[in-house]
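Here is the structure we will look at.
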Amino acid sequence: MISIPFSSSSKSDNINNKNNNYKLSLDYYKKTCPDFDRIVREQTQDKQSKQPTTAAGTIRLLLHDCMVSGCDGSILIASNSFNKAERDADINLSLPGDAFDVVSRIKTILELSCPGVVSCSDIIAEAARDLIVMQGGPFYTVPLGRKDSLVSKAETVEGNLPRSNMSMDQMLKVIKGFSAREMVALMGAHTIGFSHCTEFKDRIYKYSKKTPTDPEINPKYAEALKSLCANDTNGTVSAFNDVLTPNKFDNMYFKNLPRGLAALASDNLLIKDPRTKGFAEWFAANQTAFFEEFGRGMQKLGALNVKTGNDGEVRRRCDTFNDVQN
């Protein structure tokens with residue numbers, strides 16, 4: 001069993017930005033917005049209690065933000081007649097509205113409490129952590145001080161995010177900067193996630209000419225998925241990635257993989273590919289190890305290419321640049 005400290009006094013909680021001398025720190029808003037933690041916690045609790053898919057959606061929002069141009073809130077920008085923003089790239093069209101909404105709600109209240117102080121990118125990172133904890137997942141520290149991006153372009157998205165039909169080689173290439181172990185741990189977020197039928201329909205309807213259904217899917221599970229997706233005419237129907245404990249952040253997702261209970265081909269690959277199989281089996285057998293690795297992976301994800309100092313801004317609204325001409 002590994003032991004990874006997440007103490008608030010850990011030196012790793014102060015993260016240097018490679019582009020300047022600014023740092024992310026745990027007490028960044030201690031004087032300028034002392035109610036930051038409370039406001040984020042209360043609003044995420046309220047939203048999650050009303051919309052239980054908020055947690056999974058917000059984790060995905062964080063991933064889609066950080067993996068493209070860094071953790072800078074560029075995913076939140078709305079497109080206009082001058083610019084097609086990241087959120088309107090094809091792969092981002094399925095991001096849940098509840099994730100955007102919880103960030104917007106938090107920002108609105110923070111602007112009343114401490115206007116012009118808290119960035120939208122910090123809100124995403126903190127809200128995702130709080131929602132993970134609410135669902136029974138691990139607590140990990142979130143250093144703060146990110147600035148929001150000044151640019152958001154849809155064309156920068158493709159090739160920077162994993163897709164469910166990718167090979168393992170492709171996934172490891174896309175998740176650049178992360179080891180196979182870290183990637184497997186982060187994919188464990190699927191324990192409270194969900195996937196649209198369009199992402200796995202080829203596995204249940206037209207896998208091959210001889211075998212319409214992928215034989216690696218549990219037959220009863222495959223029939224349930226077919227029944228669920230039968231009337232999906234507009235691509236909005238979705239299935240839980242963890243069919244047994246979908247609303248609990250645990251290691252059941254990994255236990256389900258060898259049972260044929262993975263709807264996504266990319267999830268199934270974790271238990272098949274020798275580069276990831278051992279880690280998936282380890283996390284299935286040891287939830288503590290999974291939680292520790294996941295927490296560390298989320299800290300690393302949340303520090304990707306952050307903007308600090310003059311590299312960004314603190315937006316007044318999360319969906320709009322302060323200078324709307326950008």
Side-chain angles (χ1 to χ4, degrees), residues 6 13 15 24 26 28-29 36-76 86-87 92 94-107 109-110 118-146 148-149 161-162 175 178 182-183 185-194 241-242 246-250 253 290-306 318:
F6 294 115
D13 292 330
I15 299 176
L24 301 184
L26 293 175
Y28 189 82
Y29 296 118
F36 169 73
D37 291 333
R38 177 186 60 79
I39 290 171
V40 174
R41 184 172 59 253
E42 289 179 353
Q43 290 304 306
T44 51
Q45 287 176 339
D46 180 67
K47 180 67 176 180
Q48 179 66 19
S49 67
K50 295 173 181 175
Q51 297 292 341
T53 59
T54 300
T58 306
I59 298 170
R60 189 176 172 214
L61 187 71
L62 177 67
L63 175 71
H64 283 226
D65 185 40
C66 295
M67 291 302 298
V68 175
S69 58
C71 302
D72 58 9
S74 53
I75 189 65
L76 302 172
E86 286 179 30
R87 68 191 291 176
N92 287 332
S94 61
L95 287 171
D98 288 323
F100 291 98
D101 182 62
V102 72
V103 173
S104 179
R105 288 188 185 192
I106 294 168
K107 179 62 171 174
I109 296 174
L110 285 170
V118 179
S119 69
C120 301
S121 45
D122 273 348
I123 292 173
I124 301 175
E126 184 92 352
R129 191 278 312 281
D130 285 357
L131 286 160
I132 288 166
V133 173
M134 287 175 207
Q135 299 307 103
F139 175 87
Y140 56 90
T141 55
V142 179
L144 303 165
R146 300 166 186 79
D148 298 323
S149 71
L161 290 169
I175 307 292
F178 290 84
E182 291 168 332
M183 185 192 74
L186 289 174
M187 287 181 71
H190 284 182
T191 190
I192 56 169
F194 52 90
N241 292 322
D242 174 2
N247 296 313
K248 182 180 180 182
F249 198 103
D250 56 18
Y253 160 79
F290 164 48
F291 277 15
E292 291 174 339
E293 289 290 327
F294 180 82
R296 186 163 62 178
M298 289 295 286
Q299 286 182 318
K300 183 174 180 177
L301 176 68
L304 284 179
N305 298 319
V306 296
C318 288

Donor-acceptor contact present, side-chain [X] to main-chain [Y], <3.5 Å:
X      : Y      : result
Arg129 : Tyr140 : yes
Ser104 : Phe100 : no
Asp242 : Ile192 : no
Asn92  : Glu86  : yes

Are [X] and [Y] side-chain neighbours, meaning at least one heavy-atom pair lies under 4.5 Å?
X      : Y      : result
Leu131 : Ile59  : no
Asp72  : Asp65  : yes
Thr44  : Ile106 : yes
Leu186 : Met298 : yes
Val68  : Leu161 : yes
Val102 : Asp46  : no
Pro138 : Ile132 : yes
Ile39  : Val118 : no

Nearest 0.5 Å, please: how far is [atom2] in [Y] from [atom1] in [X]?
X     : Y      : atom1 : atom2 : answer
Arg87 : His64  : CZ    : NE2   : 13.5 Å
Thr58 : Asp130 : OG1   : CG    : 10.5 Å
Gln43 : Ile109 : CD    : CD1   : 3.0 Å
Cys66 : Leu304 : SG    : CG    : 6.0 Å

Closest non-hydrogen atom pair, [X] against [Y]:
X      : Y      : result
Cys318 : Val103 : SG-CG1, 4.0 Å
Phe291 : Phe249 : CZ-O, 3.4 Å
Ala185 : Phe294 : O-CD1, 3.2 Å
Pro96  : Gly57  : CG-CA, 3.7 Å
Ser74  : Ser149 : CB-OG, 3.4 Å
Ser121 : Gly73  : CB-N, 3.7 Å

For this session: Apply side chain to side chain contact (heavy atoms under 4.5 Å, CB included) to the pair Leu61 and Leu76, showing each step before the final yes or no.
Result: CA-CA 9 Å; Leu61 187 71; Leu76 302 172; 4.0 Å; yes
Problem set entry | Check ion pair Arg146-Asp122 (N to O, under 4.0 angstrom) |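 Yes, this pair counts.
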Exercise. Any side-chain donor paired with an acceptor under 3.5 Å for Arg60 and Ser94?
Worked result: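 Short answer, yes.
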For this session: Decide whether Thr191 and Asp250 meet the rule of one side-chain donor and one side-chain acceptor closer than 3.5 Å.
Result: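 Thr191 vs Asp250: donor-acceptor pair found between side chains.
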Problem set entry | Qualifying residue for salt bridge (charged side-chain N to carboxylate O under 4.0 Å, His left out) with Asp98, from Lys47, Arg105, Lys50 |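 Among Lys47, Arg105, Lys50, the one that satisfies the salt bridge (charged side-chain N to carboxylate O under 4.0 Å, His left out) with Asp98 is Lys47.
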Exercise. So Met67 and Leu301, side chain to side chain contact (heavy atoms under 4.5 Å, CB included) or not? Walk me through it.
Worked result: CA-CA 8 Å; Met67 291 302 298; Leu301 176 68; 3.9 Å; yes
